[in-house]
Trainee: 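Structure below; questions to follow.
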Amino acid sequence: MNTFDFIELEKRRQQNNIELIASENFVSENVMRAVGSCLTNKYAEGYPTDRYSGNKGRYYGGCEIVNGLEEYCCAKWREVFSTDYHVNVQPHAGSSANLAAYMSVLTPGDTILSMDLNNGGHLTHGSSVNFSGKLFNMVFYSVTPEGYIDYDDIEKKAAENKPKLILAGASAYSRIIDFERIGTIAKSCGAYFMVDMAHIAGLIAAGEHPSPFGIADIITTTTHKTLRGTRGGLIFCRPELAKKVDSAIFPGTQGGPLMHIIAGKAVTAEEACTPEFKEYIRQVVKNTKAMCDEFIKLGYDIVTGGTDNHLFLVDLTRTHPDLSGKDVQNELDRHGITLNKNCVPGEKRSPAKASGVRIGCAAMTTKGWKEEDAIQCARKIDEIIAGMEKELRRK
Ligand SMILES: Cc1ncc(COP(=O)(O)O)c(C=O)c1O
């Protein structure tokens, strides 16, 4: 086996499996071309001149072409979100974007108010095993017993703890996030308001989720989930924070930008500006709702009782108390259906086992799914889970 044998095997796995991991997608041939291009050879530490930050220059010669590319990429991303916020397209990933976003306006030891991992937040939102939890004083807001963000709790904890930054955004939250409300709370306690829109960025670009632009001070995202692009991160910020954000990326937390990935991000932005992308996102939302409704019809508990976006969480606690999320994930893997286990509100199991699964339809919608395909898949998963129950009773 050599490298290309592994790539071929993975290609076949991706072609044959049903992919329900909410953070994955399939990129276009053009994104592949850009990220596999000669731009991988170019070092370009620094920035092209930027209209907001005034940052000038690279630390290497031969950058005249990549300067144009990076400026074009920035302009395209402003177009995607119809914004005049400053954008930095250099973060290597969502996690690097979040690290730099924090470092741009905070000092280690400052307080951040966010949603914790068990309730749907991300590792970089303050988990104790992550840099965020190690560097900052984290306070977490909760979700209601039904799984909705508890906005009253945000208000209370903001007043009590006077955080320097309030963070909205999640990895496993199926409802609209009220950015207006959290932004007002942040203003009332003098905190920066940051939104990590990694999961829902495609929906925001297509107008299927309210936008945080004009409300948040700093907005981070990945480009590879619902935006359906190359792997990577972006940071948007109010123009007055541009210099702080740019220097938090370089030289603060990264070295040379990945110019082939920046080319991939530019293609991603071009695609996200098209009417076809908006239509794709509308279909993602329809498919996810159809699949979620089918699970409800089949008797399953869904966290919050439904979905407004590209994902939902099945809570197995009441209906299948003897099956963990991990058991279901493993059994579905054997049937060529890929998803991930997920904690549910009031979780009793460890995150390694969990009592729920997270299901997303962004990737399968790219493969052409319509509502009926999503419904059939829900029935198939139900059949497999019923088989697992039968097996348990036989033991
Ligand atoms: C909300 C959120 N933020 C940040 C990230 C981190 O992105 P990356 O894996 O590119 O570091 C993720 C990844 O799943 C995420 O869900």
Side-chain angles (χ1 to χ4, degrees), residues 19-25 27 31 35 77 88-104 112-127 129-133 135-136 138 140-141 143 149 165-177 179 182 193-205 209 212 216 218-236 248-249 253-254 257-258 261-262 264-265 268 284 307-313 338-343 351 354 357-363:
E19 181 53 71
L20 299 176
I21 293 181
S23 44
E24 291 191 12
N25 216 321
V27 302
V31 170
V35 301
W77 279 109
N88 186 309
V89 296
Q90 294 191 4
H92 300 330
S95 299
S96 344
N98 284 346
L99 171 62
Y102 298 147
M103 295 310 283
S104 67
I112 299 177
L113 177 58
S114 76
M115 181 150 96
D116 100 47
L117 187 64
N118 281 1
N119 286 326
H122 184 255
L123 269 177
T124 56
H125 297 180
S127 165
V129 296
N130 180 262
F131 68 79
S132 50
L135 286 179
F136 300 104
M138 298 306 306
F140 296 110
Y141 51 85
V143 292
I149 290 173
L165 183 145
I166 300 182
L167 175 61
S171 298
Y173 188 70
S174 63
R175 294 302 191 171
I176 299 282
I177 301 177
F179 296 134
I182 307 177
F193 179 34
M194 173 174 156
V195 170
D196 176 350
M197 62 173 183
H199 261 269
I200 52 174
L203 280 77
I204 291 169
H209 187 291
I218 303 181
I219 300 167
T220 56
T221 186
T222 55
T223 42
H224 48 270
K225 298 183 175 78
T226 51
L227 281 172
R228 198 164 59 172
T230 183
R231 297 194 85 87
L234 304 171
I235 309 180
F236 294 88
I249 283 286
T253 55
Q254 291 189 175
L258 311 176
I261 298 296
I262 289 178
K265 286 174 187 171
T268 306
V284 169
T307 177
D308 300 324
N309 60 25
H310 63 300
L311 66 83
F312 59 93
L313 299 170
T338 315
L339 49 62
N340 63 281
K341 60 185 179 291
N342 215 95
C343 290
V357 290
R358 185 183 67 160
I359 296 182
C361 290

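Indexing begins at 1, ligand by ligand and atom by atom, following the structure's order.
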Trainee: Mind listing the closest non-hydrogen atom pair of Ala201 and Thr221 along with its distance?
Mentor: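 Scanning both residues, the minimum pair turns out to be CB-OG1, 3.3 Å.
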
Trainee: Looking at side-chain heavy atoms only, is the closest gap between Asn118 and Phe140 below 4.5 Å?
Mentor: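 Result no, sub-4.5 Å side-chain heavy-atom pair not found.
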
Trainee: So, applying side chain to side chain contact (heavy atoms under 4.5 Å, CB included) with Thr268, which one of Thr230, Leu234, Ile261 is it?
Mentor: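 So, applying the side chain to side chain contact (heavy atoms under 4.5 Å, CB included) to Thr268 and each of Thr230, Leu234, Ile261, only Thr230 qualifies.
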
Trainee: Which residues satisfy the side-chain contact (heavy atoms from CB on, under 4.5 Å) test with Phe131, sequence neighbours excluded?
Mentor: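 With neighbours one apart ignored, the set is Leu99, Tyr102, Thr124, Leu135.
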
Trainee: Using a threshold of 4.0 angstrom between heavy atoms of the protein and any atom of ligand 1, which residues qualify?
Mentor: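 Its neighbours under 4.0 Å (heavy atoms only) are Ala93, Gly94, Ser95, Asn98, His122, Ala170, Ser171, Asp196, Ala198, His199, Thr222, His224, Lys225, given by chain and number.
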
Trainee: What do the steps show when you test Ile177 against Met197 for side-chain contact (heavy atoms from CB on, under 4.5 Å), and what is the final call?
Mentor: CA-CA 10 Å; Ile177 301 177; Met197 62 173 183; over 6 Å; no

Trainee: Give me the one residue out of His122, Lys225, His310 that meets side chain to side chain donor-acceptor pair (under 3.5 Å) with His199.
Mentor: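 Option passing the side chain to side chain donor-acceptor pair (under 3.5 Å) with His199: His310.
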
